[in-house]
Protein chains: 4
Amino acid sequence: MLRNKKVPSMVKDPQLIKVRRAQMVKGAVRLFIDKGFHRTTTREIAKEAGFSIGTLYEYIGAKEDILYLVCDDIYLEVSKRLKKQLSKEGSALERLKLAIHSYFQIVDDMSDEVLVMYQEVKALPKESLQYVLQKEKEMASILEEIIRECVEANELNVKGDEVNLLAHNILVQGQMWTFRRWALRKQYTLEQYIDWQTDLLLKGKG
Amino acid sequence: MLRNKKVPSMVKDPQLIKVRRAQMVKGAVRLFIDKGFHRTTTREIAKEAGFSIGTLYEYIGAKEDILYLVCDDIYLEVSKRLKKQLSKEGSALERLKLAIHSYFQIVDDMSDEVLVMYQEVKALPKESLQYVLQKEKEMASILEEIIRECVEANELNVKGDEVNLLAHNILVQGQMWTFRRWALRKQYTLEQYIDWQTDLLLKGKG
Amino acid sequence: MLRNKKVPSMVKDPQLIKVRRAQMVKGAVRLFIDKGFHRTTTREIAKEAGFSIGTLYEYIGAKEDILYLVCDDIYLEVSKRLKKQLSKEGSALERLKLAIHSYFQIVDDMSDEVLVMYQEVKALPKESLQYVLQKEKEMASILEEIIRECVEANELNVKGDEVNLLAHNILVQGQMWTFRRWALRKQYTLEQYIDWQTDLLLKGKG
Amino acid sequence: MLRNKKVPSMVKDPQLIKVRRAQMVKGAVRLFIDKGFHRTTTREIAKEAGFSIGTLYEYIGAKEDILYLVCDDIYLEVSKRLKKQLSKEGSALERLKLAIHSYFQIVDDMSDEVLVMYQEVKALPKESLQYVLQKEKEMASILEEIIRECVEANELNVKGDEVNLLAHNILVQGQMWTFRRWALRKQYTLEQYIDWQTDLLLKGKG
DNA sequence: TATGAATGAGCCTTCATTCAT
DNA sequence: AATGAATGAAGGCTCATTCAT
């Protein structure tokens, strides 16, 4: 399985690297939300992170590494939160509904971050892009597994090769809540949106 | 209703403006597909379009205008094609299914263009963005109307305020076919994808 | 035979390229004499040449190209001058002596330029270096030919494979006048230096 | 007479200074040979020397000091070796020939070092340059003295003020073997080169 | 109208040097 | 004495935009 991409650093202390990169990512996300990756300068990121441009480059090899770090971080956060919310109890279908609900809530909560990620990934160099897509596949797998459990428990009627598709639909509809917010938030609350999409996704499949 | 944004030009002859901008957009799309908006230079666009950088700036005010023109053009093309395909005959539900089918096919056919547009709109200056979002709303309206006809004909069971949501879902799932092609095209043909999504969108709503 | 390296330019008019590059080289030589290649910035060169940094990069691809242009120019000037001075009359030996005399005088006259060239060539990228060494070989050939004529005329006693070595010695002793000027100019006039070296080079070979 | 330049150090123990600087010089020479002074970073030198960048700056005041130390070291090595080879026996002329032979052999053996030195001295700050030129003068003196002995012994016919010039010629022709190696080594062995140059230098002067 | 040379602000990145530990 | 993280001035280069022809 594809592991994380190794971002080069001149600094040896791994703990320090972790701390500084966290500062960096935090600052970068704020800026990327505002102006996008390309319009944000490395100096701005350094300043926002609270250190000098020289220090910034002690912890990365190139500007694109920051974008990778940001994407990586957001995925990590999303899946960490999602895994924490996943229930071990209840019927498979109940667990799937909960997963959807949790995922949509997380996406709503991290709206800016998720939006940034989906808008900027394409700026990643090819190799990094692979790593990030891998994360997306892992997210899908989490849902696929629960869906498969529903199928096995006869709670959902989805053909084998469509499990994957359903998982993607869930993910996309979650993201849709962020990148269509200009249209959706005016008319629906998150809860309404969740209910409706859940219905749509699962009703016909009972 | 929001009309088109006025892109400044030093040239008077409207016919000439049209011709030159068409060349420009054609060249720009090819380049944006390849390298994205930010990595494409105005010089490259001029060259690809077949004229000089000086001439380019006779027909636009700034680089961003090109992006606007490109987005505008793609929307125009998509809706032109879609409208051409819309049927006046058959039941409302049949017409909706056809609309979905047509839309998905158009999106598949214009895959690169659609992808570019969704990835780059955010680079538009706020004002232009409004104009482009307006186009998206118009696209939605087309679908909404047909959906409403289905509801009126009792062929579909969707509550009033959910019509809009359903329309957005259709649009997003069409786009999904482009920006998730790395995952989807490996497993499904376009027809399979259309069938499945149509089912999902409409089955539970019968 | 190795032709000149092609230095890239965004400008089309070849005449203009010639003019601008001449300005560039002139300014660069002055600066390189003063501070060497590495300590001279592209901005300084542009300023000295009388145009902006942007314009500078319309006529070259990278800073190293300027160094190449400078070396190329100096060689061209030296060999142009030398060829102009070469006599067609007199005995072969007289013509060789004249050639030596001319070469030393040219080197003295272009002292700064020659010094810069020999101190900075090593900063050239490998490929460019080949082109410049080629020029040096051409300089040597000019002398070799005259030496060979001396041998054929029985005016000089040099074995076949040593013709080349003698030519190199002449070149190096000419350059020595520049890079050892801190020691030589204090004690000898150019004429004295020429006489003595000529004697040394040719006396034992009569 | 000009003594050695004082390179500043924060460390007191002179023995330790000696050791560290030796490590430093050794590493630096290797790197300078490869990439030249300007393209070599202080960090690289520290690493190659086996200690940290902080430690490096405990033993020098600035990067240029390293270059000075390197040049100084190379001169020291060359003259140490040369002095060791000088004979006290035989005729003056024999001793001169031996000196030339030895010098050329040393230069051949330390080819890289000598080349680096002559290519980089100009990067030294003015003051340091003086110290290094002084070393070159001392090298010349060694030869001058032997030449003078030849003259006194009537084994060589050189006018008083030309002794110095002859010494310089010897030195330059030795160096020529390094900085023209691209041309010379293809055609001559070191021994051939020595024989030929010795002949040239001394034949006409017998 | 069309051209393309000129401009310079601004970007990413490097690296000599410092200093707290 | 030794370390190495932090600094920021400075460098090479790009590219959107202008304007004289």
Side-chain angles (χ1 to χ4, degrees), chain A residues 9-13 16-17 19-20 38-47 50-64 66, chain B residues 9-13 16-17 20 38-47 50-66, chain C residues 9-13 16-17 19-20 38-47 50-64 66, chain D residues 9-13 16-17 20 38-47 50-66:
Chain A
S9 168
M10 309 256 67
V11 173
K12 295 170 176 179
D13 179 357
L16 193 52
I17 293 182
V19 173
R20 292 277 176 274
H38 282 104
R39 291 198 210 287
T40 302
T41 68
T42 52
R43 270 178 176 80
E44 288 172 317
I45 297 171
K47 195 173 183 183
F51 38 72
S52 73
I53 181 66
T55 299
L56 184 80
Y57 274 89
E58 292 282 302
Y59 294 92
I60 55 162
K63 191 189 175 190
E64 280 162 347
I66 305 176
Chain B
S9 168
M10 306 264 73
V11 175
K12 305 295 169 191
D13 180 354
L16 192 52
I17 294 182
R20 291 275 178 272
H38 282 104
R39 291 199 211 287
T40 302
T41 68
T42 51
R43 263 163 143 131
E44 288 171 317
I45 297 171
K47 193 174 183 185
F51 38 72
S52 74
I53 180 67
T55 300
L56 185 82
Y57 273 88
E58 294 287 308
Y59 295 91
I60 54 161
K63 190 189 176 190
E64 281 160 347
D65 289 338
I66 305 176
Chain C
S9 169
M10 309 256 67
V11 174
K12 295 172 177 178
D13 179 357
L16 192 53
I17 293 182
V19 173
R20 291 277 176 275
H38 282 105
R39 290 198 211 287
T40 302
T41 69
T42 51
R43 272 174 176 82
E44 287 171 318
I45 296 172
K47 195 173 183 184
F51 38 69
S52 72
I53 181 66
T55 299
L56 184 81
Y57 274 91
E58 292 282 302
Y59 294 92
I60 55 162
K63 191 189 175 191
E64 279 162 348
I66 305 177
Chain D
S9 168
M10 306 264 73
V11 176
K12 306 294 169 193
D13 180 354
L16 192 52
I17 294 182
R20 290 277 178 271
H38 283 103
R39 291 199 210 286
T40 302
T41 69
T42 52
R43 263 162 143 131
E44 288 171 317
I45 296 171
K47 193 174 183 187
F51 38 73
S52 74
I53 181 66
T55 300
L56 185 81
Y57 273 87
E58 294 287 307
Y59 295 91
I60 54 161
K63 190 189 176 190
E64 280 160 347
D65 289 338
I66 305 176

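Since we're looking at a predicted model, the values are computed, not measured. Every chain is numbered from 1 and lettered A, B, ... according to where its sequence line falls, protein lines coming before strand lines.
Checking F:dT17, E:dT3, E:dT13 against the side-chain heavy atoms of A:A62 singles out E:dT13 as nearest. Checked against F:dT18, F:dC13, E:dC12, the side chain of A:T42 finds its nearest nucleotide in E:dC12. Distances from the side chain of D:E58 to the nucleotides F:dT3, F:dA16, F:dG12 place F:dT3 closest. When each of E:dT3, E:dC11, E:dT17 is scored by its nearest atom to the side-chain atoms of B:S52, the top-ranked nucleotide is E:dT3. Of the candidates F:dA16, E:dC12, F:dT7, F:dA16 carries the atom nearest the B:T41 side chain, counting heavy atoms from C-beta on. When each of F:dT7, F:dT3, F:dA1 is scored by its nearest atom to the side-chain atoms of D:F51, the top-ranked nucleotide is F:dT3.
For F:dA1, the OP1/OP2 oxygens have no side-chain nitrogen or oxygen of D:T55 closer than 4.0 Å. Residue B:R20 places at least one side-chain N or O closer than 4.0 Å to OP1 or OP2 of E:dA2. Contact annotation: C:Y57 does not reach the phosphate of F:dT14 (side-chain N/O to OP1 or OP2, under 4.0 Å).
The two residues D:Y57 and D:M10 make their nearest non-hydrogen contact at O-CG, 4.3 Å. In this structure, B:D65 and B:G61 approach most closely via the heavy-atom pair OD2-N, 2.9 Å.
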Given Watson-Crick or G-U pairs with both distances under 3.5 Å, what dot-bracket string fits DNA chain E, with | for other-strand pairs and [ ] for crossing? .||||||||||||||||||||
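The base of F:dG12 lies close enough to the side chain of C:R43 for a donor and an acceptor atom to sit less than 3.5 Å apart.
A parallel orientation is assigned to the rings of A:H38 and B:H38, their planes being inclined by less than 30° (bins at 30° and 60°).
Using a 4.0 Å heavy-atom cutoff across all strands shown, C:S9 reaches no nucleic acid atom at all. Among the atoms of the strands shown, only primed sugar atoms or phosphate atoms (P, OP1, OP2) are found under 4.0 Å from some heavy atom of C:M10. Looking at heavy-atom distances under 4.0 Å, C:K47 makes no contact with the nucleic acid at all. No contact: B:R39 has no heavy atom under 4.0 Å from any strand.
Computed from coordinates, the A:I53 CD1 to F:dA9 P distance equals 12 Å when rounded to whole Å.
Side chains of B:E44 and B:T41: a donor on one and an acceptor on the other come within 3.5 Å.
Ionic pairing of C:E64 and D:R39 is present here: one or more N-O contacts between side-chain nitrogen and carboxylate oxygen are shorter than 4.0 angstrom.
Looking at which nucleotide of DNA chain F each of C:E64 and D:V11 is closest to, the 5′-most match is held by D:V11. With the nearest nucleotide of DNA chain F identified for both B:H38 and A:Y59, A:Y59 has the one nearer the 5' end.
Considering only heavy atoms from C-beta on, D:I66 comes within 4.5 Å of D:L56 through its side chain.
A distance of 8.5 Å separates CD1 of D:I17 from NZ of D:K12, quoted to the nearest 0.5 Å.
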